[in-house]
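First listed ligand is number 1; within each ligand, the first listed atom is number 1.
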Amino acid sequence: MKAAIYRKYGPPSVVALGDVPTPSAKAHEVLIRIHATTVSTADWRARSLAMPAGFALFARPVFGLFSPRQPILGTELAGEIVAVGTCVTRFQVGEHVFAFTGAKFGCHAEYRVMPEHGLILQKPANLSFEKAAALCFGGTVALHFLKAKGNIRSGESVLIIGASGCIGSAAVQIARHFGARVTGVCSTANLGLVRRIGANAVIDYAAQDFAVLRQTYDIILDTTGTVPYARCGHLLKPGGRLLIAHGTLATVLGIGGPTRSSGHQCLAGVAKVTVADLQLLADLATSGAFRPVIDRSYPLDRAAEAHAYVDQGHKRGSVVLTVTTTG
Ligand SMILES: NC(=O)c1ccc[n+]([C@@H]2O[C@H](COP(=O)([O-])OP(=O)(O)OC[C@H]3O[C@@H](n4cnc5c(N)ncnc54)[C@H](OP(=O)(O)O)[C@@H]3O)[C@@H](O)[C@H]2O)c1
């Protein structure tokens, strides 16, 4: 099969189309022909080893000491089941599915196997393959931080830094679903988008420093690594939570965080993903409460160009790779 492959760490040009053996489904696995996948910030980090401050030492042990352990990137996909293992009962050949492989990657290819009880579900019928491929990356991180970590409640006020990005644009919609009042921080060009996906208010970070405004929030979600507690603690209400999707090692270790007497919490770490999360995202997509934002699409053989665009750090939602099988 064709796949976008990288054999060494580096700039987007290390990614090139190549041939690898097509996988086959074992007893409890399904084989998916991929129609669409995404190039995410996880792909950028795994390819370039660009890591948040303090995490550089962990990068090679995680991704491969001398060269990438997994030469095919891509954390999410949408496609069609083309073969099932002998013991599979949950899926049938011909079903349309979406799936999340996360840190196991492997979606920038024509085919991918998944365990039938893994992070894979039927594709919402009202979503194209491109939209369905973009459900998981931002959606699962937004859910993890807002719900599992942040315990978001109806009526709360939420400030989302980086509201036009993949995680941010999912977070705006998911926070609204949970009944929160949402303010999105983004650049001038993205104010309209962030309003359209449901933000009650927007702040243009190029024109206004939100940290000097008087508004206070129950939750602040930072997807940009620009808002440590020292910069925004005074904006948190009593009981307020700072959720750090993009943080340094110091913030993850709690250095510079709130004192116990402040009544605030600073919550960071790596998002955990469950099938229940995927089911909720599918349900929200079906009801129209969550529509993944797609910035642009590239064919698989132009994956390096897609990487170059993602590297700029200013995409709106997701960048999609469309996959057409060669036979
Ligand atoms: N903790 C976890 O488990 C986890 C999981 C996945 C990803 N992450 C991390 O989360 C971060 C965000 O990921 P993503 O996929 O959402 O990235 P993304 O799609 O590239 O979005 C980044 C957003 O940041 C905005 N931005 C850049 N500078 C800004 C600033 N100074 N103020 C406000 N917004 C700014 C950009 O908007 P403009 O174009 O408007 O500037 C862009 O929309 C990445 O560092 C990623 O590694 C963490």
Side-chain angles (χ1 to χ4, degrees), residues 38-56 58-59 62-63 73-76 100-103 105 134-146 148-150 159-174 183-195 197 199 202-211 220-228 231-232 242-249 251-252 266-274 277 292-296 306-320:
T38 63
V39 178
S40 69
T41 45
D43 300 315
W44 157 61
R45 291 202 184 282
R47 192 209 72 230
S48 66
L49 297 185
M51 303 298 284
F55 285 105
F58 302 101
V62 168
F63 297 119
L73 292 168
T75 61
E76 56 189 341
F100 186 63
T101 60
F105 296 96
L135 269 175
C136 290
F137 188 83
T140 56
V141 178
L143 264 184
H144 171 83
F145 280 98
L146 291 172
K149 288 263 188 188
L159 180 71
I160 295 171
I161 320 291
S164 57
C166 184
I167 298 169
S169 60
V172 168
Q173 298 175 72
I174 288 168
T183 301
V185 179
C186 60
S187 63
T188 317
N190 292 324
L191 293 172
L193 165 73
V194 174
R195 269 196 209 97
I197 59 175
V202 288
I203 299 172
D204 178 352
Y205 71 73
Q208 177 76 65
D209 179 5
F210 64 87
I220 299 175
L221 171 64
D222 180 21
T223 75
T224 65
T226 61
V227 189
R231 183 162 173 233
C232 69
L242 171 61
L243 310 176
I244 301 188
H246 174 184
T248 62
L249 182 60
T251 50
V252 170
C266 190
L267 302 157
V270 177
K272 294 187 183 68
V273 183
T274 65
D277 295 331
V293 172
I294 309 274
D295 185 319
R296 51 175 75 182
H307 274 265
Y309 183 65
V310 172
D311 276 26
Q312 293 171 22
H314 291 285
K315 66 184 166 65
R316 298 148 61 105
S318 294
V319 168
V320 166

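Under the salt bridge (charged side-chain N to carboxylate O under 4.0 Å, His left out) criterion, R45 pairs with no residue at all, not counting sequence neighbours.
Looking only at protein heavy atoms, the nearest one to atom 47 (O) of ligand 1 is R45 NE, 2.7 Å. Nearest protein heavy-atom contact of atom 9 (C) of ligand 1 is A245 O, 3.9 Å. Distance from atom 6 (C) of ligand 1 to its nearest protein heavy atom, with residue and atom name: F137 CZ, 3.4 Å. Closest to atom 27 (C) of ligand 1, if we only count protein heavy atoms, is H314 CE1, 4.0 Å. Annotation: atom 40 (O) of ligand 1 to nearest protein heavy atom, S187 OG, 2.6 Å. Nearest protein heavy-atom contact of atom 7 (C) of ligand 1 is I167 CD1, 3.5 Å. Of the protein's heavy atoms, T41 CG2, 3.3 Å lies nearest to atom 17 (O) of ligand 1.
Taking all heavy atoms of T224, D43, D204, V273 into account, the minimum distance to atom 34 (N) of ligand 1 is reached by T224. Of the listed residues (D222, T226, T188, T223), the one carrying the non-hydrogen atom nearest atom 31 (N) of ligand 1 is T226. Counting heavy atoms only, G165 comes closest to atom 21 (O) of ligand 1 of the residues S164, G165, G269, A271. When the options Y205, F55, F210 are ranked by their closest heavy atom to atom 30 (C) of ligand 1, first place goes to Y205. Considering G162, A171, G313, G102 only, the shortest heavy-atom separation from atom 42 (C) of ligand 1 involves G313.
Heavy-atom proximity to F145, at under 4.0 Å, picks out these atoms of ligand 1: 1 (N). Listed by number with element, the atoms of ligand 1 under 4.0 angstrom from any heavy atom of V141 are 5 (C), 6 (C).
Annotation: V185 places no N or O atom under 3.5 Å from an N or O atom of ligand 1; distance criterion only.
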